[in-house]
Amino acid sequence: MMDRTKKIVLGMSGGVDSSVAALLLKEQGYDVLAVYMKNWEEQDDEGVCTSAADYEDVRRVSDTLGIPYYTVNFAQEYRDRVFSYFLAEYSAGRTPNPDVLCNCEIKFRAFLDFAMGLDAAALATGHYARLEETGGQRRLLRAADLSKDQTYFLAGLSQAQLQKAMFPIGALQKREVRRLAEHAGLVTAKKKDSTGICFIGERNFKRFLMQYLPATPGDMVDLNGSVIGRHDGLMYYTLGQRRGLGIGGMAMGSGESWFVIGKDLDRNLLIVQQGEREELYSLGLRAEKVSFVAGNAPSKSFACTAKFRYRQTDQPVRVTMHGAGCTMDFETPQRAVTPGQWAVLYDGDVCLGGGPIDETRALRPIRIGGRTL
RNA sequence: UGGGGUGUCGCCAAGCGGUAAGGCACGGGACUUUGACUCCCGCAUUCGUAGGUUCGAAUCCUGCCACCCCAG
């Protein structure tokens, strides 16, 4: 058992979840130190600095609970370890998931180091996930509230990182979290959940990217190579995307919506298709780097379930290891599996780990102008 | 300047004398610690234009304009 008089550093965002995490830790008798991370220096689209308001909420909740609070700034680390990767991936035509990396590199690395430097026994966060101890090993389990489960974003964490982690609200339902916050008189009780890239927040995504990546407009073409329209730059679109293409009805069309089914970086072409057809689906994928929470793969080849994006229902897959990477074969074809996104593996409620998708095996390969994409 | 055809929301498209379907696009919202997907709501007092017939027209008649096709 952990000594409850010991110090716990809690990452507080100014939202309900971390507020209630603070409440629970405090009630359990821990010596809680609330720390607000400011990892992004700019204002949002409306020119509002939301971090000031969030920090104010951290202050009020901390005061209500009678715990000390501080702020740390990892903006430099965030830019170097997360945002630069984020931009590089988009430039390469992929669609990265910065929040998975943020957990690995910022919250549970830079911030964890900071907490350990303060002699904390553990670093707690308001994530919806559970930890289980089995023979000195820690397992990462889905949250009790499956609709809020955030293990997808935590799948890249190592055993060493999880050994120092605590997720106080992981066993609660979201509604219970709100109820506890309300009963404790926490100002964040009814605060709307925040979304968007963590630390950057909700943005007009295309406009945001345009500030960092130069636009290189080009043609949008269909499977026949016919020009259907113009795109503003390949990095502003992702596989399976519908909105923002601006393609309306056409005399010869089926009346269905158009979707992005591929990118040809060499020729700067965005491949689009009307309706959800086989070209949008894949049978498997390859990931060059996969990490496992346990430290290594359960075996050379194993069956489990996987998610290829947050909040997707688990899909049965067969994983075959190849060195540090693996291939996954899907039981049923999957829609818009996208390079850059993470494939996260589960064995029942246990999150095994995962890695960024590098390549997919198409159900029906796309050929444009004699070239296979 | 002979003949024929067509002009309805940004695009496609119903309507054929009784008071403007639908789809796509777009906008807004919901959902959501990535990007997407999805879902919900909104979106032509007006039918190329000017007159006429009629209780009443986008629908009938006439002129004009535009575009397309066939002949020249």
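All values reported here derive from a predicted model rather than from experimental measurement. Naming: A, B, ... by sequence-line order, numbering from 1 per chain.
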Exercise. Are any of A:R94's side-chain N or O atoms less than 4.0 Å away from OP1 or OP2 of B:G35?
Worked result: no

Exercise. Are OP1 or OP2 of B:G35 and a side-chain N or O of A:Y90 less than 4.0 angstrom apart?
Worked result: no

Using the [atom1] atoms only, state how far [M] lies from [N], rounded to an integer number of Å.
N: B:A71; M: B:C24; atom1: P; result: 40 Å
N: B:G18; M: B:A25; atom1: C1'; result: 32 Å
N: B:G5; M: B:G48; atom1: C1'; result: 15 Å
N: B:C16; M: B:C70; atom1: P; result: 32 Å
N: B:G29; M: B:A36; atom1: P; result: 15 Å
N: B:G4; M: B:C9; atom1: P; result: 27 Å
N: B:A58; M: B:U54; atom1: C1'; result: 15 Å
N: B:C64; M: B:G56; atom1: P; result: 26 Å

Problem set entry | Under 3.5 Å donor-acceptor, A:N97 side chain and A:D99 backbone | yes

Taking the minimum atom-to-atom distance to the side chain of [X], which one of [options] wins?
X: A:K107; options: B:C31, B:A25, B:U33; value: B:U33
X: A:F153; options: B:G27, B:U33, B:C24; value: B:U33
X: A:Y152; options: B:G28, B:U34, B:G35; value: B:U34
X: A:F259; options: B:U38, B:U33, B:U32; value: B:U38
X: A:R309; options: B:G35, B:U33, B:C26; value: B:G35
X: A:R242; options: B:A25, B:U33, B:G35; value: B:A25
X: A:Q341; options: B:U33, B:U38, B:G35; value: B:G35
X: A:Q150; options: B:G27, B:U32, B:U33; value: B:U33

Exercise. Between A:N268 and A:H231, does a side chain to side chain donor-acceptor pair (under 3.5 Å) hold up when you go through it step by step?
Worked result: CA-CA 9 Å; A:N268 194 29; A:H231 71 251; 3.2 Å; yes

Exercise. Looking only at heavy atoms, what is the nearest atom pair of A:Q341 and A:F308, with distance?
Worked result: CB-O, 3.8 Å

Exercise. Which sits closer to the 5' end of RNA chain B, A:L245 or A:P96, going by the nucleotide each is nearest to?
Worked result: A:L245

For this session: Assign each of A:D193 and A:E256 to its nearest nucleotide of RNA chain B by heavy atoms, then name whichever residue's nucleotide is nearer the 5' end.
Result: A:E256

Exercise. Are A:V293 and A:V319 connected, step by step, through hydrophobic side chains (Ile, Leu, Val, Met, Phe, Trp, Tyr) whose heavy atoms are closer than 4.5 Å?
Worked result: no

For this session: Would you mind telling me which of A:K191, A:R59, A:K38 makes a salt bridge (charged side-chain N to carboxylate O under 4.0 Å, His left out) with A:D54?
Result: A:K191

For this session: State the pairing partner of B:U46; accept Watson-Crick or G-U wobble contacts with both distances under 3.5 Å, and report none otherwise.
Result: none

For this session: Using Watson-Crick or G-U wobble geometry with both distances below 3.5 Å, tell me the partner of B:A66, or none.
Result: B:U6

For this session: Classify the side chain of A:T338 versus the base of B:G35 as yes if they form a donor-acceptor pair under 3.5 Å and no if they do not.
Result: yes

